[in-house]
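Notes for the one structure printed next.
When reading the values below, keep in mind they use all heavy atoms of this one structure, side chains included, and skip hydrogens, waters and symmetry mates. Note that this is a predicted model, so its numbers are computed, not measured. Lettering follows sequence order; numbering is per chain, from 1.
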Amino acid sequence: MILSPSFRAGLFKKGSPLISPSLVAVCRGIVGGASVVGFLSIASGLIDLTGSGEDTSKLLIFGTLITLFCAFLSGYIADVKLSKSEGLLGVTCGFVACIFTSSFVYLLIGEMNSFNDSLFESGAAFTTTSLSILDVNTFGNGMLFFRSFSQLLGSFTAILTAVIFLPISDQQHGSTFSELKLDQMFLQKRIATIQTIALIHLVSIAVVTLLLSVGKMSFFDSLLMSLSAVSTGGFTANSDFLTDPSVQWILIVGMIVAGTSFLIIWRLVTGRFTFALRSSELHTYLSLITISTILFYLWTNSGSHSSLRQSLLFVSSSISTTGFHFLPFGNWSVAASFLLLLLIAIGPMSLSGGGGFQILRLRILFSVSIRELVRQLHPRAVVKIRVGKEIIADQNVRQVVVFQFLFLSIVFSTSLLLTLLGVSVYDAFVSSVNALTTAGPIRGVDGSIIDVATFSPGERLALLPAMLSGRLYLLPVFVTLGYLLSESRNLVRPRRRYLRWKSSFKS
Amino acid sequence: MKLASRSIRSTSLHVCGIALLFLSLGIGITALIALFDARVDLTALFLSALIIAVLGFILFTSTTVGDTDQASIFSAVGATWLVVSLLGTVPYLLAGTFDRAGIGAPEIFVDALFESVSGFSCTGSTVFGAHNLIELQGAGILFYRQLTQWIGGMGIVVLVVSVLPSLRASGLGLIDAEAPGAGVERIAPRVAETAKKFWYIYAFLTALVSVLLFASGMGLFDAISHAMTTASTGGFSTRDLSIGHWNSVSIEIVIMAGLLLGATNFTLHARSIEKRRLDYGTDSEFKSFFMLLMSGITLVTLLLTLDGTSFSSALRVASFNVITLGSSGGFGNATGSGSAGDFVSWTSSSQIVLLFFLIFGGCTGSTSGGVKIMRLRIGLAHAYRTLRSIRRPRALLQARMGSRTIPDTLVERVAGFVVVYGVLVVAGTFILTALGSDLITSLSGVFSALGNMGPGLGEIGPSSSFVDGFSAPGRAVLLIFMMIGRLEIFPMLLMFVLPYRSSVKAIKSKN
């Protein structure tokens with residue numbers, strides 16, 4: 001009966017709650033997210049055969065069941081056109097569904113003691129936050145691949161969200177440059193954009209994997225490390241290789257490229273070198289890396305030549321919000337730790353896989369402050385916000401201002417929550433910044449890594465909302481919260497609900 | 001007529017001149033107090049008053065009001081604060097207040113300048129401490145220290161405007177540039193009258209708090225001294241333990257009430273006096289401020305009680321410290337390091353709550369510092385509007401605060417302010433950590449300096465000296481931030497525009 005066409009037709013008739021766009025967005029998100037995890041489980045199950053193959057059956061069964069169930073459910077979701085805000089709601093629900101579903105995978109494999117732990121590990125993977133509580137040595141190839149690929153999925157989703165729903169720079173106003181118009185056309189063709197982003201990711205992973213596997217690393221370890229580097233995730237299966245200078249150089253390049261806007265990479269790929277290298281955001285990004293490397297080198301007081309490379313490694317790992325677990329070197333001053341924290345907060349270029357505030361937003365905010373300085377002297381002046389040669393639309397400037405407000409609010413509220421749970425002020429502040437920027441690992445003043453496994457389950461769960469918000473660039477999560485609030489308000493107003501139902505039936 | 005023709009046309013120098021005359025008058029009064037206090041520091045204070053009076057007289061008589069465009073106004077306000085703060089060090093230097101073994105002349109000067117700037121900017125951070133006790137100073141210097149905060153609280157430029165008719169319409173611009181907040185409301189037809197009204201209210205508040213403190217058991221000198229720094233929400237005390245010296249609930253209640261009134265928009269006071277009824281409930285910013293303080297007190301009391309402090313003690317220390325930081329007062333009621341009132345020894349969560357108040361401060365148009373509750377509300381309203389507009393892209397939505405619509409220009413102004421504030425916080429923390437201070441001390445130190453709060457977290461708690469937390473260069477950095485924070489950033493950053501323009505003009509004319 002449940003499979004009958006008449007039942008389905010009854011579900012979607014006018015007035016039914018199942019064709020409410022917001023509910024459709026939620027369902028699409030959940031089904032999409034869960035099915036992605038299903039596919040990933042199947043792929044991981046097959047890859048597990050390259051190792052011991054202990055987890056293969058579990059992964060394949062779980063993946064198949066989830067995928068089939070999602071395929072069945074997808075038939076019940078109405079084909080309704082969604083608005084931008086409903087799209088954002090869908091993305092958030094999809095992301096949450098991914099995290100929840102994959103946490104069952106961790107539980108199923110049996111390496112995690114509790115659902116809290118598996119939820120945190122899964123959240124850290126999908127949000128590309130390098131905060132792990134797992135002992136990776138006990139994992140088979142399948143689960144290692146599952147964990148690393150989750151990062152790539154998280155990063156890919158974040159870029160797509162930024163491109164499709166939250167473009168900061170849409171180049172609609174006053175752009176007279178044919179090159180910029182070409183970029184605009186590129187961004188408007190969404191399917192082509194998605195394909196291009198996927199292709200750039202694939203090529204980057206392939207190149208980094210090949211380069212890493214040339215040295216001492218096995219192909220599988222190289223693949224996992226390149227997945228982490230390209231997705232700015234930072235998880236590693238074998239941290240012994242992180243001390244190898246050749247691996248470090250490859251990772252430096254990989255992380256810097258991962259922090260670069262895919263639009264710049266696309267320009268480079270299409271042969272528009274001059275235009276790509278003229279990007280003011282790229283100049284800021286590279287300048288930040290250079291200056292920070294020098295400062296970090298000076299403030300770590302080690303003096304050796306190799307420490308310059310290591311400084312660059314730490315800086316590129318922080319600014320791209322990758323967060324590989326490199327061990328500290330030399331004697332760190334307080335300023336060196338603060339510099340890394342600052343770089344994490346700033347983050348890489350917009351439209352890259354990294355989290356954080358991102359350079360374009362920061363530059364827009366700088367322009368806003370300069371405009372206010374000018375307005376203090378000339379109160380009636382009409383000053384447009386410019387980044388390089390591009391004029392930023394007022395609506396986007398407003399969103400960036402709100403982003404700043406929400407960013408600071410989340411850092412504050414997460415810190416407060418952590419301190420309420422017993423964490424010290426310093427640890428709480430640093431942890432919340434790391435979680436929100438999806439960076440990690442949390443480092444002490446001397447650069448030593450603070451193990452999140454020492455945090456209580458409550459403290460770890462307190463970091464999850466910040467990690468999720470940071471990975472989705474805040475706004476989708478807040479739009480979802482808005483929907484939740486309005487729907488729950490409607491729920492506690494039964495009369496209004498009844499009248500709405502009644503009127504929808506009449507019409 | 002001849003004198004006028006020979007005068008230099010400069011608003012900055014003219015305003016500086018009269019401000020210095022006021023300062024010398026203030027130092028003269030403190031010299032009189034020193035006269036009755038076994039003549040300790042009498043010569044130093046008298047000499048300081050003379051030097052500053054001569055300088056002020058020369059500046060005032062040899063200049064006339066020049067251009068009154070925006071750049072000149074910022075230049076005038078910035079220059080006045082710089083000159084007054086700089087010459088405010090003269091009494092300390094001549095009296096040898098900060099001389100101590102093991103430090104050279106530059107550090108003594110930095111300490112004197114730090115105390116002077118902390119006074120005039122109503123920050124309340126101090127370099128006195130175990131190495132140099134406040135209570136060992138003479139009454140003259142102590143009163144001078146309190147007086148700097150009293151003058152700085154309402155604003156030295158407001159004082160100048162109230163007695164300088166030649167400034168005419170540009171006076172409101174000057175007050176606006178100096179006053180904390182998003183703009184000054186004219187409460188009288190003439191600008192000078194508005195400035196005078198503000199000063200009358202301020203003086204009345206000081207007198208009222210003095211009487212109440214005296215009635216609560218403080219000595220007359222201490223009562224007047226503390227009333228001056230309460231009305232100005234400054235936080236300097238004549239005692240090493242600040243208000244903790246008396247360990248008296250009634251004194252703490254008077255101080256809290258005084259700080260609350262000081263941190264309230266003075267236009268509201270003026271309206272209430274004019275209408276002869278309390279008009280505070282109609283102001284949405286005041287309501288938010290009050291609600292936030294009450295929530296903060298409740299939360300901190302709860303947290304301290306859970307941590308093992310008795311409820312009455314928790315309520316007392318929570319109320320005092322939340323209000324003193326929320327109003328940017330910066331007094332302390334700790335009876336010693338590690339005592340119940342020493343918030344550095346509280347739980348981390350309580351400290352984070354205090355940090356919130358340390359950042360936001362009081363209402364606009366008051367004597368308090370910080371980012372201000374008005375800006376927080378505008379930020380919230382703007383965020384709410386933007387998030388709603390994502391769901392309803394075609395709706396024409398306005399940011400609202402209470403029943404008022406917030407214009408986009410004001411939102412942009414607040415956004416610009418917050419960005420510059422954030423940049424300064426990051427830059428300051430960066431410099432201070434590079435100079436060797438720890439992260440929490442540096443971060444809270446910069447917030448405290450920019451918000452003119454007084455104490456901070458880490459090594460600069462309510463019972464600590466800034467000498468313990470920062471090196472001399474670190475203190476020099478902080479005093480710059482105090483100055484920038486007192487003038488709400490823009491005037492201090494834009495004060496160099498006019499000299500820059502003049503120098504560009506001069507170069508062009510030479511060529």
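- Counting heavy-atom pairs closer than 4.5 Å to chain A, the top-ranked of the candidates B/Arg388, B/His382, B/Arg385 is B/His382.
- Of the atoms belonging to B/Leu439, heavy atoms from both backbone and side chain fall under 4.5 Å from chain A.
- The distance from atom CD1 of B/Ile440 to atom OG of A/Ser424, rounded to the nearest 0.5 Å, is 8.0 Å.
- Ranked by heavy-atom pairs under 4.5 Å with chain A, the list B/Ala434, B/Gly379, B/Ser350, B/Ala415 is led by B/Gly379.
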- Task: Show the numbers, then the answer: is there a side-chain contact (heavy atoms from CB on, under 4.5 Å) between A/Gln404 and B/Val418?
- Result: CA-CA 9 Å; A/Gln404 171 206 19; B/Val418 172; 3.3 Å; yes
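- For B/Tyr384, the OH atom sits in a loose shell: 12 or fewer heavy atoms of surrounding residues, nucleotides or ligands are nearer than 6.0 Å.
- Aromatic ring orientation, A/Phe338 versus B/Phe430: perpendicular (interplanar angle above 60°, classes split at 30° and 60°).
- With values rounded to the nearest 0.5 angstrom, B/Leu387 atom CG is found 9.0 Å from A/Gln399 atom CD.
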- Task: Check the pair B/Val419 / A/Val401 against side-chain contact (heavy atoms from CB on, under 4.5 Å), numbers first and verdict last.
- Result: CA-CA 9 Å; B/Val419 174; A/Val401 169; over 6 Å; no
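- The contact between B/Thr429 and chain A is made by backbone and side chain atoms together, counting heavy-atom distances below 4.5 Å.
- Counting heavy atoms from C-beta on, the side chains of B/Arg391 and A/Ser486 come closer than 4.5 Å.
- If you measure heavy-atom distances from A/Tyr483 to chain B, the contacts under 4.5 Å come from both the backbone and the side chain.
- Distance check: B/Ile390 CD1 to A/Glu86 CD gives 13.0 Å after rounding to the nearest 0.5 Å.
- Neither the backbone nor the side chain of A/Val445 comes within contact range of chain B; no heavy atoms are under 4.5 Å apart.
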- Query: Do A/Phe405 and B/Leu380 pass the side-chain contact (heavy atoms from CB on, under 4.5 Å) test, and can you show the C-alpha distance, the side-chain angles, and the key distance before you say yes or no?
  - Reply: CA-CA 8 Å; A/Phe405 186 78; B/Leu380 276 172; 3.8 Å; yes
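- In this structure, OH in A/Tyr426 is found 11.5 Å from CG in B/Leu443, a value given to the nearest 0.5 Å.
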- Applying side-chain contact (heavy atoms from CB on, under 4.5 Å), run through B/Thr347 and A/Thr419 and close with a yes or a no. CA-CA 8 Å; B/Thr347 55; A/Thr419 51; over 6 Å; no
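- In terms of heavy-atom pairs under 4.5 angstrom with chain B, the leader among A/Leu373, A/Leu418, A/Val430 is A/Leu373.
- Residue B/Tyr421 holds its OH atom at 15.5 Å from OG of A/Ser369, rounded to the nearest 0.5 Å.
- For the pair B/Ile359/A/Phe412, no side-chain contact is recorded, criterion being any heavy-atom separation below 4.5 Å from C-beta on.
- Both the backbone and the side chain of A/Leu339 come within less than 4.5 Å of a heavy atom in chain B.
- Contact between B/Val353 and A/Leu416 at its shortest, heavy atoms only, is CG2-CD1, 3.8 Å.
- Note that CD1 of B/Ile352 is 9.0 Å distant from CG of A/Leu420, once rounded to the nearest 0.5 Å.
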- Decide yes or no on salt bridge (charged side-chain N to carboxylate O under 4.0 Å, His left out) for A/Arg398 and B/Glu412, but give the supporting numbers first. CA-CA 8 Å; A/Arg398 274 204 291 271; B/Glu412 285 161 8; 5.7 Å; no
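- No part of B/Leu432 comes within reach of chain A, as not one of its non-hydrogen atoms sits under 4.5 angstrom from that chain.
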